[in-house]
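Lettering of chains follows the sequences in order, A, B, ..., and the numbering in each one begins at 1.
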Number of protein chains: 2
Amino acid sequence: MTEPSPARRGYHHGNLKDALLDAARDLVATQGPAGFTLAEASRRAGVSASAPYRHFKDRDALLAALAERGFALFAQDLEQAFDGGKPDAATAFGRVGDAYLAFARREPGLYGAMFAICRPDGAKVPEAGRSFQVLVDAARQAAGGIAVSDDRILAIWALAHGAATLAAAGHLTDAQAHAVLRGALAPQPPRDA
Amino acid sequence: MTEPSPARRGYHHGNLKDALLDAARDLVATQGPAGFTLAEASRRAGVSASAPYRHFKDRDALLAALAERGFALFAQDLEQAFDGGKPDAATAFGRVGDAYLAFARREPGLYGAMFAICRPDGAKVPEAGRSFQVLVDAARQAAGGIAVSDDRILAIWALAHGAATLAAAGHLTDAQAHAVLRGALAPQPPRDA
DNA sequence: ACCTGAACACCGTTCAAGT
DNA sequence: ACCTGAACACCGTTCAAGT
């Protein structure tokens, strides 16, 4: 997987944009977003270091495109975990929480890239909205008829994100991250500790 | 603040380690952890690019030292906000939450550097424990006599961390981050949505 | 013990030139 | 339209040499 892929059809690559994104995902997975290098991605795609500039404005643009791709995969994962709310919405919501943590654990570099974008000034990541929407829908269904405030759903997102990133940084074990999230996903927290 | 400081006492700098950390904090504040450069920090300290290696193993070691410093400042901030629990522990706990978000907002680069360390394999950041301990103590006092589980406190940390980082990435407004945290800091969440 | 200067491998980015 | 090759400024790191 490290040698420059000879999957070139002559002078033109034919599919360079995707090849670069694939390489980027690989690099980010093994080295983290900081370890990703435009030069190495080019090498893996079998093109020169300047070739990417035909497809991306610069390094950050490629990373942003990767983040968008990551969010699409993420939304897909969460949707699949919810599985239409079967067998009941509360159980399904629990699965969404597990899937959230599992994604961040399986693809820490990609997850990091996804949330490293969106600087104060910056480029929005519209796909992020879709992932969040899955959370919203799952939470509302899990609540049955009871109204769920936006702030409550944002709190769930913040909790999941916080648990995932603290776990990634080694401040929480996976078990703790899951326990933390389960505590919040219970529809009505029982009043014992 | 950009010109190489002439605060050199001859050939030896005398205080290079701190000067580098100061420069790093500045750079990280304006450009983010990724924008930090050993070369630029050296330039600001008025030394050659190889001088830092007398004080830090490499770039990452300097960043780790900066993170440790960040955690020390952070713990201090939180402790001061708690202020011994005056006038009552619940109010003081609320202030700790605000201070948490305020720190991450005021020093996003530093906060980022603090939690970017601690890789799977990696170097622990012992100062992180002290910051967490402030949260633990504040939460326990705020609960009065009632026992507070470790998971509940970890959940508060995860929520604060998640809200802070989502806000930094532009996914939450500051007002939303505060609302989210206030909801969780209430000692016994009332059962209305 | 602390710092400089030259050196090396490397990266991001640009641009004229090739297909 | 897409890619190469040479070029430039830059960075991290090492090491012999200076103070």
Engineer: In this structure, how many angstroms lie between the C1' atom of C:dC11 and the CG atom of A:Asp60, rounded?
Structural biologist: 14 Å

Engineer: Between atom CG in A:Leu63 and atom P in C:dG12, what is the gap in whole Å?
Structural biologist: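 Atom-to-atom, A:Leu63 to C:dG12, this comes out as 11 Å.
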
Engineer: Decide, yes or no, whether a salt bridge links B:Asp18 with B:Arg25 under the criterion of side-chain N to carboxylate O below 4.0 Å.
Structural biologist: no

Engineer: To the nearest angstrom, how far is A:Glu40 atom CD from C:dC11 atom C1'?
Structural biologist: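 The answer, rounded to whole Å, is 11 Å.
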
Engineer: Between B:His13 (NE2) and D:dG18 (P), how many Å, whole number?
Structural biologist: 24 Å

Engineer: Within the pair B:His55 and C:dC3, is there a side-chain N or O less than 4.0 Å away from OP1 or OP2?
Structural biologist: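 Yes, because at least one side-chain N or O of B:His55 sits under 4.0 Å from OP1 or OP2 of C:dC3.
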
Engineer: What is the distance from CG of A:Leu27 to P of C:dG12, rounded to the nearest Å?
Structural biologist: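 From A:Leu27 CG to C:dG12 P: 10 Å.
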
Engineer: Would you mind telling me which of C:dT13, C:dC11, D:dT13 lies closest to the side-chain atoms of A:Ala39?
Structural biologist: C:dC11

Engineer: Give the rounded distance in Å between these two atoms: NZ of A:Lys57 and P of C:dG12.
Structural biologist: 15 Å

Engineer: At what distance, to the nearest 0.5 angstrom, does OH of B:Tyr100 lie from CZ of B:Phe103?
Structural biologist: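 Between atom OH of B:Tyr100 and atom CZ of B:Phe103 there are 9.5 Å.
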
Engineer: Paired with D:dA1: which nucleotide, if any, by Watson-Crick or G-U wobble criteria at under 3.5 Å for both distances?
Structural biologist: C:dT19

Engineer: Between B:Arg140 and B:Val148, is there a donor-acceptor pair closer than 3.5 Å when you use the side chain of the first and the backbone of the second?
Structural biologist: yes

Engineer: Over how many whole Å does the gap from B:Leu38 atom CG to C:dC3 atom P extend?
Structural biologist: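 My rounded result for the distance is 14 Å.
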
Engineer: Under 4.0 Å between any heavy atoms, over every strand shown, what does A:Arg59 touch: base, sugar-phosphate, or nothing? Just pick one.
Structural biologist: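 The answer is sugar-phosphate, as A:Arg59 gets under 4.0 Å only of primed atoms, P, OP1 or OP2.
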
Engineer: Find the distance between CG (A:Leu78) and CZ (A:Phe132) and round it off to the nearest 0.5 Å.
Structural biologist: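 That separation rounds to 12.0 Å.
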
Engineer: State which of C:dT13, D:dG12, C:dC11 makes the closest approach to the side chain of A:Arg43.
Structural biologist: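 Nearest to the side chain of A:Arg43 among the choices is C:dC11.
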
Engineer: Considering only side-chain heavy atoms of A:Thr37, which listed nucleotide, C:dG12, D:dC3, D:dT13, is closest?
Structural biologist: C:dG12

Engineer: Once you round it to whole Å, what is the distance between P of D:dC2 and CZ of A:Arg54?
Structural biologist: 8 Å

Engineer: Measure from the side chain of B:Ala51, starting at C-beta and using heavy atoms only, and say which of C:dT13, D:dC3, C:dT4 lies closest.
Structural biologist: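 Looking only at side-chain atoms, B:Ala51 lies closest to C:dT4.
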
Engineer: Decide if the gap between the ring center of A:Phe115 and the ring center of A:Phe71 is smaller than 6.0 angstrom.
Structural biologist: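 Judged by ring-centre distance (under 6.0 Å), A:Phe115 and A:Phe71 do meet the cut-off.
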
Engineer: Please work out if A:Ser50 contacts a base, only the sugar-phosphate, or nothing of the nucleic acid, heavy-atom cut-off 4.0 Å.
Structural biologist: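 Base, at least one base atom sits under 4.0 Å.
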
Engineer: Applying the Watson-Crick and G-U wobble criteria at under 3.5 Å, what pairs with D:dA7? Answer none if nothing qualifies.
Structural biologist: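 Pairing partner: C:dT13.
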
